Amino acid sequence: MLVNNAGIAGPTAKVEDIDPKDWDRTIAVDVNGMFYCTRKGMPMIKAAGGGSIINLSSAAGRLAFPMRTPYSFAKFGVVGFTESLAAEAGPDKVRVNCIQPGVVEGERIERVISAKAKQLGKTSEKVRTEMLAGVSMRTTVSPQDIANMALFLATEPGKHISGQALSVCGGARYLV
């Protein structure tokens, strides 16, 4: 099994204000890194008689994400990479899927909320409420929720699932 989980958030700005170096770095980490790891791992997975590759995308890989174009572009790219690789590797008994997490609880999202609150002159609780307004269940997801999906996809219960982008997001409908 291979889990491709490297990624960076990239810049937050309008597209015309994004430094091309920041764009390139986001794509290099979020997309190219996945390619290089998969390229090296695939021969070992095939030699083992098959297995599972799980790529981490994001809800931003299926929904518009204003002011976060490089990140969203990269995460949409992960979905395309996943679907194409699943079609290519399926005959070798290699399943390829991606997980699209929503707002994941933890230190990172707390830093994002705090910075956004400061930038907008709002309370952190107000920013959190606004962020979760686009989530049907009005909740974050836990790292364990993501791990549970990965475990399902990599084991016997998920043995016939391939080429899918599966959201673990509480019903995210839009991102802010």
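Just so we're clear, the structure is a prediction, and the values are computed from it rather than from any experiment.
- For the pair Arg95 (side chain) and Leu153 (backbone), a donor-acceptor distance under 3.5 Å is present.
- To the nearest 0.5 Å, atoms SG (Cys98) and CE (Met149) are separated by 10.5 Å.
- Under the 4.5 Å side-chain heavy-atom criterion for ILVMFWY residues, no single connected hydrophobic cluster contains both Met1 and Met34.
- In this structure, CD on Glu88 lies 8.5 Å from CZ on Phe81, to the nearest 0.5 angstrom.
- If you take NZ on Lys40 and OG1 on Thr38, they are separated by 12.5 Å, rounding to the nearest 0.5 Å.
- When side chains are defined from C-beta on, Glu156 counts as touching Lys159, because their heavy atoms get closer than 4.5 Å.
- Counting only distance, with no hydrogens or angles, the side chain of Asp19 and the backbone of Lys21 share a donor-acceptor pair below 3.5 Å.
- We find the CG-CG distance between Asp22 and Asp17 to be 11.5 Å, quoted to the nearest 0.5 Å.
- The side-chain heavy atoms of Leu175 and Arg68, taken from C-beta on, include no pair separated by under 4.5 Å.
- Between the side chain of Thr129 and the main chain of Glu125, a donor-acceptor pair closer than 3.5 Å is present.
- The hydrophobic clustering, which links ILVMFWY residues whose side-chain heavy atoms are closer than 4.5 Å, places Val176 and Met67 apart.
- Grouping the Ile, Leu, Val, Met, Phe, Trp and Tyr side chains by contacts below 4.5 angstrom, directly or via other members, places Leu166 with Val141.
- Around CZ of Phe73, the count of heavy atoms belonging to other residues, nucleotides or ligands within 6.0 Å does not exceed 12.
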With side chain to side chain contact (heavy atoms under 4.5 Å, CB included) as the test, would you mind laying out the steps for Arg173 and Val135 before giving the verdict? CA-CA 6 Å; Arg173 296 170 289 132; Val135 178; over 6 Å; no

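- Side chain of Ser162 to backbone of Val96: a donor-acceptor contact under 3.5 angstrom is found.
- The distance from the CD atom of Gln144 to the CD atom of Glu105 is 10.5 Å, given to the nearest 0.5 Å.
- Considering every non-hydrogen atom in both Pro101 and Ile146, the closest pair reads CB-CD1, 3.6 Å.
- Residue Ser142 forms a side chain to side chain donor-acceptor pair (under 3.5 Å) with just one option from Thr139, Thr140, Asp145, and that option is Asp145.
- Nearest heavy atom pair, residue Ser124 against residue Ile113, reads O-CG2, 3.4 Å.
- Following chains of ILVMFWY side-chain contacts shorter than 4.5 Å, one cannot reach Ile8 starting from Trp23, and the two form parts of different hydrophobic clusters.
- The two residues Ala165 and Gln100 make their nearest non-hydrogen contact at CB-OE1, 3.7 Å.
- The shortest side-chain heavy-atom distance between Val104 and Pro143 falls under the 4.5 Å cut-off.
- Between Glu130 and Lys116, none of the side-chain N atoms (NZ, or NE/NH1/NH2) sits under 4.0 Å from a carboxylate O, so this pair counts as no salt bridge.
- A heavy-atom distance below 4.5 Å is not found between the side chains of Leu63 and Tyr174.
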Mind listing the side-chain donor-acceptor pairs of residues 55-62 below 3.5 Å, one per line with the distance, residues two or more places apart or on another chain?
from: Asn55; atom 1: OD1; to: Asn4; atom 2: ND2; distance (Å): 2.8
from: Asn55; atom 1: ND2; to: Thr82; atom 2: OG1; distance (Å): 2.9
from: Ser57; atom 1: OG; to: Lys75; atom 2: O; distance (Å): 2.9
from: Ser58; atom 1: OG; to: Ala60; atom 2: N; distance (Å): 2.9
from: Ser58; atom 1: OG; to: Tyr71; atom 2: OH; distance (Å): 3.4
from: Arg62; atom 1: NE; to: Ser167; atom 2: OG; distance (Å): 2.8
from: Arg62; atom 1: NH2; to: Ala172; atom 2: O; distance (Å): 2.9

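- Residue Ile53 holds its CD1 atom at 10.0 Å from CG of Asn97, rounded to the nearest 0.5 Å.
- When the side chains of ILVMFWY residues are joined at heavy-atom separations under 4.5 Å, either directly or via intervening members, Val112 and Val127 end up in a single hydrophobic cluster.
- Ile99 has its side chain within reach of Ile54: a pair of non-hydrogen atoms, C-beta onward, lies under 4.5 Å apart.
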